[in-house]
> 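Below are the structure tokens for one structure; questions will follow.
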Protein chains: 2
Amino acid sequence: MKKMTIQEDLKEKGLKSTKHRMAILDILVKKDHPISAEQIFFEIQEMDVAINLSTVYRNLEVLVEKSMVTKLTLSGDNRSVYEYNRMVHRHYLICLGCKKILAIEHCPIKKYEQQIESETDYKIVGHKLDLYGYCPECREK
Amino acid sequence: MKKMTIQEDLKEKGLKSTKHRMAILDILVKKDHPISAEQIFFEIQEMDVAINLSTVYRNLEVLVEKSMVTKLTLSGDNRSVYEYNRMVHRHYLICLGCKKILAIEHCPIKKYEQQIESETDYKIVGHKLDLYGYCPECREK
DNA sequence: TTAATTGCAAATATTTTGCATCGGC
DNA sequence: GCCGATGCAAAATATTTGCAATTAA
């Protein structure tokens with residue numbers, strides 16, 4: 001499978017490359033942690049591009065549908081956050097002091113999934129693991 | 001530390017034992033999986049006890065504050081769910097077909113937390129792990 | 001008695017939707 | 001030109017809050 005530009009990827013999925021859709025993807029591609037629809041909305045406005053919040057939501061919905069973006073909810077927060085789907089799965093370390101989110105790459109639960117599969121007779125298709133703690137700066141307070 | 005009744009526990013925390021508060025706790029104690037504020041509201045109404053949804057929210061808030069209840073969000077859903085805090089930590093297996101939630105007990109990530117602590121210099125205080133899959137019944141469809 | 005609790009209605013926050021218009025291909 | 005994308009306003013959903021009345025201790 002050859003490497004695709006985002007435009008090609010959109011075309012292949014039957015989605016138009018509009019300036020808003022591209023702006024949303026540009027922002028998500030650059031982030032290494034998930035952000036909310038509202039944050040995306042503000043960042044696009046800061047780029048001096050007019051956009052409506054419902055356009056952000058509608059785009060995120062179709063991008064999630066097409067698996068280009070992943071939607072998740074981090075505990076404690078009521079709203080959803082979104083990240084570009086790099087096809088690698090990640091876990092997050094969330095600082096309870098300043099709410100900073102750090103992505104961590106290594107995943108320790110392949111074996112655990114298999115164990116649960118045989119114990120419960122479920123077919124496991126994924127998981128979500130978030131760690132909570134205090135970053136070096138917040139720890140001092 | 002001797003075993004306490006829920007009433008004693010409430011008293012010790014400076015909370016009154018009202019019928020609504022007791023009803024909320026009774027429901028949560030009996031569940032082995034987290035439920036939403038609205039589900040609690042409906043279950044109390046089914047017991048022929050009049051209650052307002054905001055009373056449910058306000059009670060859950062204070063019970064979370066006092067650590068008698070845990071608030072969490074399961075991905076995909078926009079709303080929060082609550083469970084009685086048994087001081088044991090649990091993980092959940094969520095069926096993507098019928099949305100059933102199963103609690104699983106064994107936790108595999110003590111060592112992982114230590115590893116991340118030394119890698120990131122964060123102080124880890126907790127984590128959340130949910131598994132997603134299909135239960136035996138939903139798998140057949 | 002009195003401070004905590006509750007009901008009710010209204011406010012807030014987040015996300016979704018209907019419909020007319022616009023714009024990519 | 002067609003059909004998907006967008007703006008706008010309004011609806012839907014989830015949660016919070018102000019205030020007066022009620023109730024547990």
Side-chain angles (χ1 to χ4, degrees), chain A residues 5-26 34-45 47-66 68-82 99, chain B residues 5-26 34-45 47-66 68-82 99:
Chain A
T5 64
I6 285 186
Q7 265 111 342
E8 288 167 341
D9 197 4
L10 286 172
K11 178 175 234 172
E12 188 165 90
K13 285 171 168 137
L15 298 177
K16 293 181 180 170
S17 303
T18 67
K19 78 180 161 185
H20 290 149
R21 186 163 290 155
M22 291 306 290
I24 290 168
L25 285 168
D26 276 353
I35 57 176
S36 69
E38 203 185 20
Q39 281 174 276
I40 294 169
F41 173 66
F42 288 141
E43 292 208 19
I44 292 177
Q45 289 189 313
M47 295 157 60
D48 281 315
V49 174
I51 189 170
N52 193 284
L53 184 54
S54 63
T55 301
V56 176
Y57 276 109
R58 271 193 280 233
N59 270 293
L60 289 171
E61 187 183 32
V62 62
L63 293 171
V64 167
E65 167 79 25
K66 298 291 184 184
M68 291 181 70
V69 167
T70 306
K71 175 181 183 177
L72 50 155
T73 314
L74 302 173
S75 326
D77 211 345
N78 284 330
R79 58 190 178 175
S80 299
V81 287
Y82 301 83
K99 308 294 178 191
Chain B
T5 64
I6 286 186
Q7 264 114 340
E8 288 168 341
D9 196 5
L10 285 172
K11 179 175 233 172
E12 189 165 87
K13 286 173 166 136
L15 298 177
K16 291 181 182 171
S17 304
T18 67
K19 78 179 159 185
H20 290 150
R21 186 163 290 154
M22 291 306 290
I24 290 169
L25 285 168
D26 276 353
I35 57 176
S36 68
E38 205 185 18
Q39 281 174 274
I40 295 169
F41 173 65
F42 288 140
E43 293 209 16
I44 292 177
Q45 288 189 315
M47 295 157 60
D48 280 314
V49 174
I51 189 170
N52 194 284
L53 184 55
S54 63
T55 301
V56 176
Y57 276 110
R58 271 193 280 231
N59 270 294
L60 289 171
E61 187 183 34
V62 63
L63 294 171
V64 168
E65 167 79 26
K66 299 290 185 184
M68 290 181 71
V69 167
T70 307
K71 175 181 183 177
L72 50 154
T73 314
L74 302 174
S75 326
D77 212 346
N78 285 331
R79 59 190 179 174
S80 298
V81 287
Y82 302 83
K99 308 293 177 191

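Below, chain A is the first sequence line, B the second, and so on; all start at residue 1. No experiment lies behind these values; they were computed from the predicted model shown.
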> In this structure, how many angstroms lie between the C1' atom of D/dA14 and the CD1 atom of B/Ile40, rounded?
14 Å
> Is any side-chain heavy atom of B/Ile44 closer than 4.5 Å to one of B/Leu53?
no
> Name the one of A/Val69, A/Thr70, A/Asn59 that satisfies side chain to side chain contact (heavy atoms under 4.5 Å, CB included) with A/Val64?
A/Val69
> May I ask you to say what A/Leu53 touches in the nucleic acid, namely base, sugar-phosphate or nothing, with a heavy-atom cut-off under 4.0 Å?
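Contact class for A/Leu53: base.
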> So if I define the base as every atom that isn't primed, P, OP1 or OP2, how would nucleotides 17-25 of chain D read as a B/S/- string at a heavy-atom cutoff under 4.0 Å?
BBB----BS
> Expressed in angstrom and rounded to an integer, what is the separation of A/Glu38 atom CD from C/dT12 atom P?
15 Å
> For a quick check of understanding: with a heavy-atom distance under 4.0 Å over all strands, which category does B/Ala50 fall into, base, sugar-phosphate or nothing?
sugar-phosphate
> Whole-Å distance between C/dT5 P and B/Met22 CE?
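After rounding, the gap between these two atoms is 13 Å.
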> Is the phosphate of C/dT15 approached by A/Ser80 (side-chain N or O, under 4.0 Å from OP1 or OP2)?
yes
> Using a cut-off of less than 4.0 Å, is there contact between a side-chain N or O of A/Asn59 and OP1 or OP2 of D/dT6?
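It does, given that an N or O in the side chain of A/Asn59 lies less than 4.0 Å from OP1 or OP2 of D/dT6.
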> Looking at A/His20, I'd like to know whether one of its side-chain N or O atoms comes within less than 4.0 Å of OP1 or OP2 on C/dG23.
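So the side chain of A/His20 is outside the cut-off, no N or O lying under 4.0 Å from OP1 or OP2 of C/dG23.
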> Measure the shortest side-chain to side-chain distance between B/Met22 and B/Gln7 over non-hydrogen atoms and say whether it is less than 4.5 angstrom.
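Side-chain contact under 4.5 Å: yes.
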> Here's a test of your reading of the structure: between B/Ile51 and B/Asn78, which maps to the more 5' nucleotide of DNA chain C?
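First, find each residue's nearest nucleotide; the 5'-ward one identifies B/Ile51.
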> Between the axis at one end of the helix from C/dT1-D/dA25 to C/dC25-D/dG1 and the axis at the other (five pairs apiece), what's the angle to 10 degrees?
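Inter-axis angle at the termini of the helix from C/dT1-D/dA25 to C/dC25-D/dG1: 40°.
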> Between A/Asn78 and B/Thr73, does any side-chain donor sit less than 3.5 Å from a side-chain acceptor?
no
> For A/Lys13 and D/dG4, give me the distance from atom NZ to atom P, rounded to whole Å.
18 Å
> Heavy-atom count check: over 12 atoms from other residues, nucleotides or ligands less than 6.0 Å from B/Lys13 NZ?
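Yes, enclosed.
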